[in-house]
Amino acid sequence: MTSVEMITEPSDDSGPSGYAAARLRLLQEKSQSGPPRRSGLARLTDDWLEALFTTAALEAGVRGAALVAVGGYGRGELSPRSDLDLLLLHDGRADPSAVAALADRVWYPVWDLGLALDHSVRTPAEARKTAGEDLKVHLGLLDARHIAGDLGVTAGLRTAVLADWRNLAPKRLPELHELCQERAVRQGELQYLLEPDLKEARGGLRDATALRAVAASWLADAPREGLDAARRRLLDVRDALHLTTGRATDRLALQEQDQVAGELGLLDADTLLREVYEAARTIAYAGDVTWREVNRVLRARSVRPRLRAMLGGGKAAPERTPLAEGVVEQDGEVVLARTARPERDAVLPLRAAAAAAQSGLPVSLHAVRRLAAVARPLPVPWPAEAREELVTLLGAGEATIGVWEALEAEGLITRLLPDWERVRCRPQRNPVHTWTVDRHLVETAVRASALTRRVHRPDLLLTAALLHDFGKGWPGDHSVAGEIIARDIAARIGFDRADVGVIATLVRHHLLLIETATRRDLDDPATVRAVADAVGSTGTLELLHALTEADALATGPAAWSTWRASLVTDLVKRVAAVLAGAEPAAPEPAAPSAEQERLAIEAFRTGGPVLSLRAQPEAHAEDTGEEPEPLGVELLIAVPDQPGVLPAVAGVLAMHRLTVRTAELRAAELPDPVAADGPASRVGVLLLDWRVAAEYGALPQAARLRADLVRALDGSLDIPSRLAERERAYEKNPRRRGAQAPPPRVTVAAAGSRLATVIEVRAQDAPGLLHRIGHALEAAKVRVRSAHVSTLGANAVDAFYVTGPGGAPLPETEAAEVARALEGALR
């Protein structure tokens, strides 16, 4: 006898305390988990409710009534904190007050135990009427299960509800599909979310239940392979989530993932997410196939009567349109031609996929499974046709995604590219990233397909786009590991040695342009020369520029903007000139804009800070028809050169709850417009061009910012204590509790510049972070020559060009000490 069976035997105390004790023992039974525990908990609850109902029905004198479990409880799947979905069904002959008394005698003991209860009291006719009006009620009744009372009442309702569902399927299934689509838009896709809702997100438990409802309609059925296992896995994760949190929650929050992984015996949170994503992907793909079949059947039903009338009752053969060798279109899907021989044609899977993507059509489930079952493996290296078909597939734009997912669902992608297994369903815990690693790679190829007219070798661009993050499945720097993997894959695909070298270079340096443009001084010749040496040729630079844009666009909205695009374009122009034979221009003081010059002159005349806060820095949006970019507003500040400017400005902004999106700080020499005698002198002015956004509420007035900045610079405003109060409030915010952020990392960039030492800071963004950095650099007695600050999601990625008091780069040992001190100040 199993432990569950022992627990579910009738207890000497069948009241609430006996049930509660038995329930607790079952949930604490470590040897019982998964389906056995869920079904055991359902049986235990059935026994208790049956005793409650039987006694209550006798006391109330009600006959012809039954207690029915619906929804998840009806399926016998109770998670530790699941609601009890109950229907008190009666034949309508009993006195209403007696039925109400019966309901109270059942519901109140459930409430007394603190269990969540979703309840209703109806006759069979009322239940059918409500189901006809409310799709969700109808779905719940499809899983109706008898617990106690008159079995005939329950059986009659079940039969009627199923018959109604099948009769109304042409109307109800489109309504259900629309409900699923609306939920997907609202909750997102489970297979990509860092904090997914296991029930509501696309590919979650709600979708699995919807597929059961489709099957019950007899109109269509979902692919069975792996579906039940995927659903069980999500239920297991939800069980563990309930046990570790003690709450009835379906959202797998970051701070709970390690505990849930431990409860399930998994290695870590990443392993947990990969299993969740795998399950969600199976359910989502099954949904795609099923809803496509539903629509096909409904479409055929609507057309068939008219077609029969036209043909005099005959049956028309389905129309088949050739798309490629061995590939045809039939009924809105790509299928294999009758003459196709996948066991002899190794290129057929790629040819069919490319034809489907180019036509904007899905590949039929039968075709994909036949290809997966019998297609021959490609020889190594691949023949030219296979390579061309892969490039065609990658270059088809948005249509590539659905076709790729169909191939992946049946294992064809891993068969073609074995290294894919390491990146498949791999989570990216950086919130800047929208997708898992594998989906990001496909998205990058989709984005790159729109840029192929800008490059001379679209095939190399698309291939590099697909391969650029393969190194994330390996330890160490993913760009370094990815270069090795890309060389191997490109050679196996059949590219020649020169093309393999270009693809490897693109993968190795796919972050070079964006990181250099946003974190380095582009007026420094060493910056441009280093990029030119790494890239090597103008052709590779052209490809790298397009790959950079595609990668950033596929990452997420925080990774690309007009500002970043302009910086990258500026860098590319400078590098292209060097690669064409020109020497990098010697650094000269950058000419300020008219607005900057006006502010600088005013700062000199007043001897204090002058600022301009422009609420619409992307004002050209109406010219392009695009939405303004979410980079915040532009804050221009001019200050006479003096110590402490950076921490003072950053501290004031943090006090006013302004988040720094990007920041540029540089010194400018301006002609003295007020010199009365002799040649114009040169006046040192610090120019700060920052993009800021209010954490919430309206932006502060520029006059208030300036007043506080004046006080900060003269020392009368105690910024550290004010920020300490903010930090304490920040730490108490529930949204900020949870998973510990990685520690900050401060490094000295090797050969970053011949004119200054480049200190790189990577840390979790927080109020006052830039103030602390500036304060630490002031304490180290170094001069900030320029700063390049960028905030990506929750991460700050900053670079500071610093010199010693004499204006020279720091010696190596001193630079290392400054980096260590700065890192210590940020911990």
Side-chain angles (χ1 to χ4, degrees), residues 34-35 38 75 77 142-143 173 176-177 180 184 189-192 198-199 201-238 273-297 330-336 340 342-343 348-350 352-353 356 361-377 401-418 420-421 424-425 436 438-439 442:
R38 287 190 291 275
R75 293 189 294 273
E77 298 170 341
L142 291 177
D143 292 309
L173 290 185
L176 177 57
H177 189 199
C180 293
E189 298 201 47
L190 177 53
Q191 59 182 311
Y192 305 122
L198 300 170
K199 188 174 185 179
R202 179 175 180 266
L205 293 169
R206 287 269 192 221
D207 280 348
T209 301
L211 294 179
R212 287 169 55 91
V214 174
S217 73
W218 291 353
L219 199 67
D221 198 4
R224 296 286 182 173
E225 289 78 5
L227 187 57
D228 286 342
R231 185 167 158 276
R232 282 196 303 271
R233 196 52 177 158
L234 292 185
L235 287 169
D236 291 348
V237 174
R238 185 173 70 170
L273 280 184
R274 289 194 79 174
E275 292 206 359
V276 168
Y277 293 164
E278 291 269 12
R281 190 165 295 189
T282 299
I283 294 171
Y285 176 65
D288 289 342
V289 172
T290 302
W291 289 117
R292 199 161 67 233
E293 177 65 10
V294 167
N295 292 332
R296 187 192 67 78
V297 171
Q330 177 183 310
D331 206 6
E333 291 184 329
V334 170
V335 301
L336 300 184
E343 66 278 4
L348 185 56
L350 282 171
L361 297 171
V363 186
S364 79
L365 178 64
H366 175 74
V368 177
R369 287 187 171 168
R370 185 180 171 201
L371 289 169
V374 303
R376 290 172 48 201
I401 297 171
V403 175
W404 192 274
E405 289 177 345
L407 298 184
E408 189 179 9
E410 300 302 327
L412 280 166
I413 297 297
T414 303
R415 190 183 305 178
L416 292 166
L417 304 171
W420 186 260
E421 184 61 31
R424 188 167 62 87
C425 292
T436 52
D438 56 343
R439 177 62 183 271
V442 179

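Residues take their numbers from the sequence shown, with the count starting at 1.
- Contact check for L365 versus E410: side-chain heavy atoms found under the 4.5 Å cut-off.
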Inset, instruction - Please report the C-alpha distance between T209 and R75 in whole Å, then the side-chain angles of each, then the deciding distance to 0.1 Å, and finally whether the side-chain contact (heavy atoms from CB on, under 4.5 Å) criterion is met. - result: CA-CA 10 Å; T209 301; R75 293 189 294 273; 3.7 Å; yes
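- Inter-residue side-chain proximity for L234 and V276 is flagged as met; some heavy-atom pair is nearer than 4.5 Å.
- Applying the side-chain hydrogen bond (donor to acceptor under 3.5 Å, both in side chains) rule to W420 yields the partners E408; only residues at least two apart in sequence or on another chain are considered.
- Closest approach of V368 to A406, counting heavy atoms only: CG1-O, 3.5 Å.
- With respect to R238 and E77, no salt bridge is recorded, no charged nitrogen being found less than 4.0 Å from a carboxylate O.
- Atom CG of L235 sits about 5.0 Å away from atom CG of L205, to the nearest 0.5 Å.
- Between H177 and L173 the shortest side-chain heavy-atom distance does not fall below 4.5 Å.
- Screening R281, R439, R424 against E405 for a salt bridge (charged side-chain N to carboxylate O under 4.0 Å, His left out) leaves a single residue, R439.
- Residues forming a side-chain hydrogen bond (donor to acceptor under 3.5 Å, both in side chains) with R232 (at least two apart in sequence, or on another chain): none.
- Separation of atoms CZ (R212) and CG (L227) is listed at 10.0 Å; rounding is to 0.5 Å.
- The salt bridge (charged side-chain N to carboxylate O under 4.0 Å, His left out) test applied to E189 returns R202, not counting sequence neighbours.
- What you find for S364 and V335 is that their closest heavy atoms are OG-CG1, 3.6 Å.
- Taking each heavy atom of A213 and L176 in turn, the nearest pair found is CB-CD2, 4.1 Å.
- Separation of atoms OG1 (T290) and CD1 (I283) is listed at 11.5 Å; rounding is to 0.5 Å.
- Residues T282 and G226 come closest through the heavy atom pair CG2-O, 3.6 Å.
- With sequence neighbours left out, T436 forms a side-chain hydrogen bond (donor to acceptor under 3.5 Å, both in side chains) with D438.
- Scored by the side chain to side chain contact (heavy atoms under 4.5 Å, CB included) test, R233 finds D236, L264, L266, E275, A279 as partners (sequence neighbours excluded).
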Inset, instruction - Start with the C-alpha distance between L361 and E333, add both sets of side-chain angles, then the distance that settles side-chain contact (heavy atoms from CB on, under 4.5 Å), and finish with yes or no. - result: CA-CA 6 Å; L361 297 171; E333 291 184 329; over 6 Å; no
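- The two residues G287 and L211 have their closest heavy-atom pair at CA-CD2, 3.8 Å.
- Every residue was checked against the side-chain hydrogen bond (donor to acceptor under 3.5 Å, both in side chains) condition with E343, not counting sequence neighbours, and none meets it.
- Side-chain contact check for D207 versus L190: every heavy-atom pair is 4.5 Å or farther apart.
- Taking a cutoff of 4.0 Å between a charged side-chain nitrogen and a carboxylate oxygen, E225 and R369 qualify as a salt bridge.
- When all heavy atoms are compared, the tightest approach of P342 to L371 is CB-CD2, 3.9 Å.
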Legend entry - Check against side-chain contact (heavy atoms from CB on, under 4.5 Å), Y285 and Q191: CA-CA 11 Å; Y285 176 65; Q191 59 182 311; over 6 Å; no
